[in-house]
S.K.: 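Handing you this structure, nothing more for now.
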Number of protein chains: 2
Amino acid sequence: MTTVTTVRSVSYSCLMETAEEPSLAAIRIEAVLAALDHPLRLRVVRTLAARGEMTCQELLPDITKSTASHHWGVLRRSGLVAQRREGRYLHLTLRRDDLDHRFPGLLDAVVHG
Amino acid sequence: MTTVTTVRSVSYSCLMETAEEPSLAAIRIEAVLAALDHPLRLRVVRTLAARGEMTCQELLPDITKSTASHHWGVLRRSGLVAQRREGRYLHLTLRRDDLDHRFPGLLDAVVHG
DNA sequence: CCATCAGTTCGAATTGATTCGAACAATAGG
DNA sequence: CCTATTGTTCGAATCAATTCGAACTGATGG
């Protein structure tokens, strides 16, 4: 009786991808709207707007890690959120300046909605 | 051999519902974001912003009637679009004043995105 | 070194949105 | 009246997004 241990050594090549955040000019309104169209992600954006930089755990403590990570990816790729690594922890911030410059008024509408 | 004709006389009681558009104060940002998170509906909003009042057929000529009607419903209930009946035709308009008043800058961001 | 912790990735299941045809209401026009 | 047209509603099928457990990477600290 041998315990089968499936080692996926190759497929995890592009793990912990460094900054897949779009540049200021590359932020697309379609991606921003799609990211905001989810209760959890909208809550995260509002919390970041009110409290500034926060860690992942502070933002979504009661959510499964894999689910939370999915939402971080959507928020990052949309251009709404930037991340900063500090040791093991990931610190997230709203890209307020970029968003205000690209879509003036949008964040205010979303936050004080 | 009788041809069964299922007559649904009761279930169509609330057909052609008159103005299920929310009032200015009742417009929710969540519904607006959800409505904008679809390529067809985003295209409709942008077309209405550029060309003003238009009929349903002018807006989505190549789309199935039932599918189009579904999208009109989403746009109406979100508060983005108002409708005016003229005979058989439905004329749609962007609720620009209401949206600019409720969420200043949002429509501009969406249209010139 | 080794165990732990934070977050990512994959694969599969569930859930939700979209789409379409058919039946329908309401109006328009002969 | 009768027929064609415009848009709605229902039901079912399809497609996309969300969710979760398990395996994994990389950093931390004994």
Side-chain angles (χ1 to χ4, degrees), chain A residues 3-21 30-31 33-44 54-78 81-92, chain B residues 3-21 30-31 33-44 54-78 81-92:
Chain A
T3 313
V4 177
T5 313
T6 311
V7 180
R8 287 172 289 182
S9 51
V10 180
S11 48
Y12 277 84
S13 52
C14 60
L15 199 69
M16 294 282 175
E17 78 275 350
T18 42
E20 49 177 341
E21 303 158 12
E30 291 87 351
L33 293 170
L36 290 171
D37 181 23
H38 190 283
L40 277 182
R41 295 193 294 257
L42 183 60
R43 202 178 82 190
V44 165
M54 293 177 74
T55 65
C56 293
Q57 297 183 345
E58 290 175 316
L59 279 162
L60 291 178
D62 48 343
I63 303 297
T64 308
K65 280 152 64 112
S66 55
T67 298
S69 183
H70 165 70
H71 291 303
W72 307 143
V74 176
L75 286 168
R76 255 182 286 132
R77 287 187 293 274
S78 76
V81 162
Q83 64 179 220
R84 183 177 64 83
R85 230 216 154 91
E86 197 173 309
R88 287 186 287 202
Y89 296 86
L90 226 51
H91 296 255
L92 303 185
Chain B
T3 312
V4 178
T5 313
T6 312
V7 180
R8 288 174 288 184
S9 51
V10 180
S11 48
Y12 277 82
S13 52
C14 61
L15 198 69
M16 295 280 173
E17 77 275 349
T18 42
E20 50 178 338
E21 303 157 12
E30 292 86 351
L33 293 169
L36 292 171
D37 181 24
H38 191 283
L40 277 182
R41 294 193 294 257
L42 183 59
R43 203 179 82 190
V44 165
M54 294 176 73
T55 65
C56 292
Q57 296 183 345
E58 289 174 318
L59 280 162
L60 291 178
D62 48 343
I63 304 296
T64 306
K65 282 152 65 112
S66 55
T67 299
S69 183
H70 164 69
H71 291 304
W72 305 144
V74 175
L75 287 167
R76 255 182 286 133
R77 287 187 294 272
S78 75
V81 162
Q83 67 180 218
R84 182 177 65 84
R85 194 152 212 136
E86 196 172 310
R88 288 186 286 201
Y89 297 87
L90 226 52
H91 296 255
L92 304 185

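Hydrogens, waters and symmetry mates are skipped; everything else that's a heavy atom, side chains included, is used. Keep in mind that this is a model prediction, so the values were computed, not measured. Below, chain A is the first sequence line, B the second, and so on; all start at residue 1.
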S.K.: Whether A/His71 contacts D/dT19 is assessed here as follows: a side-chain N or O lying under 4.0 Å from the phosphate OP1 or OP2. Is that the case?
M.R.: yes
S.K.: Between the protein and nucleotides 28-30 of chain C, list every N/O to N/O distance that falls short of 3.5 Å.
M.R.:
residue : atom : partner : partner atom : Å
C/dA28  : O4'  : B/Arg88 : NE           : 3.4

S.K.: Could you state the atom-to-atom distance from CE of A/Met54 to C1' of C/dA6 in whole Å?
M.R.: 16 Å
S.K.: Quick check for you: to the nearest 0.5 Å, what is the distance between B/Leu33 atom CG and A/Leu42 atom CG?
M.R.: 6.5 Å
S.K.: Below the 4.0 Å mark, does D/dG7 have OP1 or OP2 next to a side-chain nitrogen or oxygen of B/Gln83?
M.R.: no
S.K.: Contact class for A/His38 vs. all strands (heavy atom < 4.0 Å): base, sugar-phosphate, or nothing?
M.R.: sugar-phosphate
S.K.: Take the protein atom CD of B/Glu58 and the nucleotide atom C1' of D/dT5, then report the distance between them rounded to whole Å.
M.R.: 16 Å
S.K.: When the distance from CG of A/Leu60 to C1' of C/dA6 is rounded to whole Å, what number comes out?
M.R.: 14 Å
S.K.: Distance check, rounded to the nearest 0.5 Å: A/Leu75 atom CG versus A/Leu36 atom CG?
M.R.: 8.0 Å
S.K.: Identify, between B/Tyr89 and B/Thr67, the residue whose nearest nucleotide on DNA chain D lies closer to the 5' end.
M.R.: B/Tyr89
S.K.: For B/Thr64 and C/dC20, is the shortest distance between a side-chain N/O and OP1 or OP2 below 4.0 Å?
M.R.: yes
S.K.: Apply the side-chain contact (heavy atoms from CB on, under 4.5 Å) test between A/Leu60 and each candidate in A/Met54, A/Arg43, A/Arg41; give the one that qualifies.
M.R.: A/Arg43
S.K.: Nearest of D/dT8, D/dG21, C/dT19 to any side-chain atom of B/Leu40?
M.R.: C/dT19
S.K.: When the distance from NE2 of B/His70 to C1' of D/dT14 is rounded to whole Å, what number comes out?
M.R.: 14 Å
S.K.: What is the separation between atom CZ on B/Arg77 and atom C1' on C/dA17, rounded to the nearest whole Å?
M.R.: 13 Å
S.K.: Counting just side-chain N and O atoms, does B/Arg76 come under 4.0 Å of either OP1 or OP2 of D/dT8?
M.R.: yes
S.K.: Give the rounded distance in Å between these two atoms: CG of A/Asp37 and P of C/dG16.
M.R.: 14 Å
S.K.: Which distance, rounded to the nearest 0.5 Å, do you find between the NE2 of B/His91 and the CZ of B/Arg84?
M.R.: 5.0 Å
S.K.: Can you measure A/Glu20 atom CD to C/dT8 atom C1' for me and round it to whole angstrom units?
M.R.: 10 Å
S.K.: With respect to the side chain of B/Leu90, which nucleotide from D/dT18, D/dT8, C/dT9 is positioned closest?
M.R.: D/dT8
S.K.: Could you state the interatomic distance from CD (A/Gln83) to SG (A/Cys56), rounded to the nearest 0.5 Å?
M.R.: 7.5 Å
S.K.: Please report the interatomic distance CD(B/Glu21) to OG(B/Ser78), rounded to the nearest 0.5 Å.
M.R.: 9.5 Å
S.K.: Which listed nucleotide (C/dG7, D/dG7, D/dA22) is nearest to the side chain of B/Cys56?
M.R.: D/dG7
S.K.: Would B/Arg77 and B/Glu20 pass as an ion pair if we require N to O under 4.0 Å?
M.R.: yes
S.K.: Could you tell me whether the phosphate oxygens of C/dG7, OP1 or OP2, come under 4.0 Å of any side-chain nitrogen or oxygen in A/Ser69?
M.R.: no
S.K.: Roughly how far apart are A/Thr55 OG1 and A/Leu90 CG, rounded to 0.5 Å?
M.R.: 9.0 Å
S.K.: What integer distance in Å separates B/Lys65:NZ from C/dA22:P?
M.R.: 13 Å
